[in-house]
Each structure stands twice: as structure tokens, then as C-alpha cells.
Colleague: 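Handing you a structure now.
Each chain gets a letter, A, B and so on, in the order the sequences are listed, and its residues count up from 1. What you see below is based on every heavy atom in this structure, not just the backbone, and it leaves out hydrogens, waters and symmetry mates. Predicted model, so just to flag it, every value in this text is computed and none were measured.
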Amino acid sequence: MITELKCRDIDIWKTFTCGQCFRWKHRPDGSFAGAAAKRAARIKYASGVIVIEEDSVTDTPENRKEAEHFWAEYFDLSRDYGKAREWLLSHDEKIGDAVKAGDGIRILRQDLWETIVSFIISQNNNIPRIQGCIEALAELCGEKIPGSELYSLPSPEVLSGMTPDALAPVRLGYRAPYLVAAAREYIKLRPLLEAEPSLQGTPGTADISDTGKALTAAEEYSLLLSLTGVGPKVASCISLFGLGRIESFPIDVWVRRVMHEVYGFDEGDMRGMKKYAEEHFGQYGGLAQQYLFYFIRRQNM
DNA sequence: TTCCAGGTGGCAT
DNA sequence: ATGCCACATGGA
């Protein structure tokens, strides 16, 4: 099935290669092939339209509607990025170059559990190797996606039933036991975390506006922190990419570098960087972080 | 050989 | 609450 979504404000190359996701592979024709949640797709962009080809989905009205909803959310199409960029430019003197470099990046709204797995693997690791580990993990114990050669990532149930030794082929190193423990812990937290405020009003999603059960960003963050292998940086990435908390500002080695180079912070002054981000990047901290991350990383590669 | 990568857990203060 | 340090793996 082919899904077409109008979007004037996206650069899929930047969006897929800026380090927020790890499963999309660039192809010679400029398209990307990969997987998100339980779906496999080839994606290209031309003249204001994102074209998503899914061999594993047959073209029925229900499937079409579901695909449109899934991919529109995945690409965060309801957000006005032009407005976000203007907001950042008017609230910070020095972010202009990074915004210009990162123009076209959108924050992908990824599956929560996949985001947890991906960023536990990401710790003290490099991006090519993270990609390899995730593919190996999917192939070892994920589910084959029908009509595709790709596998989805293993569910928390599958992963919680494995031993770290059984994950040896994935070459996760010391992260293997983290992943197994986090899977077990996540199963308990899932009922709390799946009441997602950003999805309120979305068809097919429970409206939790009256139940009082919606978590604040801070509450979500502290729950994520309780997972084995999840510290401040990884929890921030999960908030940003897995829960749509676009104000979240993850600080890693690259962000420390760029905050030193552009803003003059001491590279150990995480406290100051965090405060600065809150005051200057505010509601768009996560987007600012991606612009800065992309900006500094591109200079060094 | 040593250093590094989208850091964190465990332990000592 | 904060400061070290070991941790598995593979590429530069």
C-alpha cells in the first residue's frame, strides 16, 4: 500500500540521519527503507509529499486510514515547525546557525518501548554500532514483518523472558542485562506510561482528561529513571522521542561540545546547560537540542 | 596500544 | 545530593 502525506516542511535525509532513530537506511535513489513499530516501509519525499510504501499492508479502507494516522503521528505532522523555529530564533541569540543547518528536521514520534530499547543500547556507544545492535536484536528475537525482510524489535514480554547470555549474538556488551531487567520493569510501568497526554482526543485512544491519571512530564521522567540502564540522558531521549515531550533537552557528549563551542559553557557544567536550555529553548528544548546535535555532529564528520 | 562512542550502576563521600 | 570508576564492544 502507498500512503501519501502532504508536508512542506521536512527534510527526510536530515530527519532520518540526525541520530534520533536508528532503523532507517539510506538507499541510492534517495529513499529510506526501514521499520517503525511493527511496520516496514520505503519512504521518499518529493514536491511536498511524503510517500510511504508498505509491502506488508494491503490496500483496504481501514488499513489506509490506520496507515495515514500512524505515519502522520510518526512524522509529527500536526506541529508547526516554522512557528517553532521562529520561536527559538526570537528567544536565543546564538542558535541561528544550528537552526539553519537543521532546517527540515522533524522530531519523530516513535514507539515508546522501541525508544527505550534503542536508547539503552545507545549509552556509551556510537551510532553505527547502535544501528547494528538494534538490527541484530530484531533479527535474533523480533517478529518477522510479513511481506518484508525486516523484523520488528522484540516486545518487553519476549525480552523479559530471555537471559543476557541468550542475547550474546547481538554484542550488546554490558547493556544486555540492562535490557532484560528494563523489559521486566517496563511491563509493570506500562499501564502508567501508556496514558499519553499528547494523544488525548486521538481516535482509538482512551481520553484520560477526566480520570486524573495523566502523568506530568516530570512524573514520566522519574518513572523512566527507575528503569535499569536508564539515567538522566536516556530518560530525556525517551521523553523526547518516545513520549512526544518536545521540551525535553537530553545532554550527551555532543551537546556538551556544542554548548561549549557556541555558548561558552564548561563541558562539565551540565547544570548550567540545563538551566540555559530551560530559559532560552523552553517549550522547544528538544527541537533545539536536535538542531544543535545535528549542527555539531555534521561539523565533525 | 590507546582513545572514543547520543552513560549508567555501584559505591564512597 | 555529588564524585569517581568500571563496564563490553569495535572502529579509528
Colleague: Under a 4.0 Å threshold between the charged nitrogen and the carboxylate oxygen, would A:Glu53 count as salt-bridged to A:Arg42?
Modeller: yes

Colleague: Any Lys/Arg nitrogen of A:Lys274 or A:Glu279 sitting under 4.0 Å from an Asp/Glu carboxylate oxygen of the other?
Modeller: no

Colleague: Considering every strand and a 4.0 Å limit on heavy-atom distances, what is the contact class for A:Ile296: base, sugar-phosphate, or nothing?
Modeller: nothing

Colleague: Which comes earlier along DNA chain B counting from the 5' end, the contact point of A:Cys18 or that of A:Thr228, where each point is its nearest nucleotide?
Modeller: A:Cys18

Colleague: Using 4.0 Å as the upper bound for N to carboxylate O, is an ion pair formed by A:Arg79 and A:Asp76?
Modeller: yes

Colleague: Taking atom types as they are modelled, would you say the side chain of A:Tyr174 forms a donor-acceptor pair with the base of B:dG7 within the 3.5 Å cutoff?
Modeller: yes

Colleague: Mind checking A:Pro128 for me? I need base, sugar-phosphate or nothing, with any heavy atom below 4.0 Å counting as a touch.
Modeller: nothing

Colleague: What is the distance, rounded to the nearest whole Å, between atom CG of A:Leu172 and atom C1' of B:dT8?
Modeller: 15 Å

Colleague: Taking any atom closer than 4.0 angstrom to a non-hydrogen atom of chain A, what span of DNA chain C does the protein reach, first nucleotide to last?
Modeller: C:dC7 to C:dG10

Colleague: Going through the checks in order, is the ring-ring contact (aromatic ring centres under 6.0 Å, His included) test met by A:Tyr174 and A:Tyr178?
Modeller: CA-CA 7 Å; A:Tyr174 64 87; A:Tyr178 290 178; 5.7 Å; yes

Colleague: Under a 4.0 Å N-O cut-off, is there an ion pair linking A:Glu261 with A:Arg256?
Modeller: no

Colleague: Given side chain to side chain contact (heavy atoms under 4.5 Å, CB included), test A:Tyr186 with A:Ser160 step by step and report yes or no.
Modeller: CA-CA 9 Å; A:Tyr186 176 70; A:Ser160 68; over 6 Å; no

Colleague: Tell me the interatomic distance from A:Arg129, atom CZ, to B:dG7, atom P, rounded to whole angstroms.
Modeller: 13 Å

Colleague: For the P atoms, the ones on C:dA8 and on B:dG10, what distance do you get once it is rounded to whole angstrom?
Modeller: 14 Å

Colleague: What is the nucleic acid contact for A:Gln290, judged by heavy atoms within less than 4.0 Å: base, sugar-phosphate only, or nothing?
Modeller: base

Colleague: Salt bridge or not for A:Asp9 and A:Arg85, using N-O below 4.0 Å?
Modeller: yes

Colleague: To the nearest angstrom, how far is A:Leu224 atom CG from B:dG9 atom P?
Modeller: 12 Å

Colleague: Check the distance between B:dG9's P and A:Gln123's CD and give it to me in whole angstrom.
Modeller: 7 Å

Colleague: When we call it a touch if two heavy atoms are under 4.0 Å apart, what does A:Gly19 touch: a base, just sugar-phosphate, or nothing?
Modeller: base

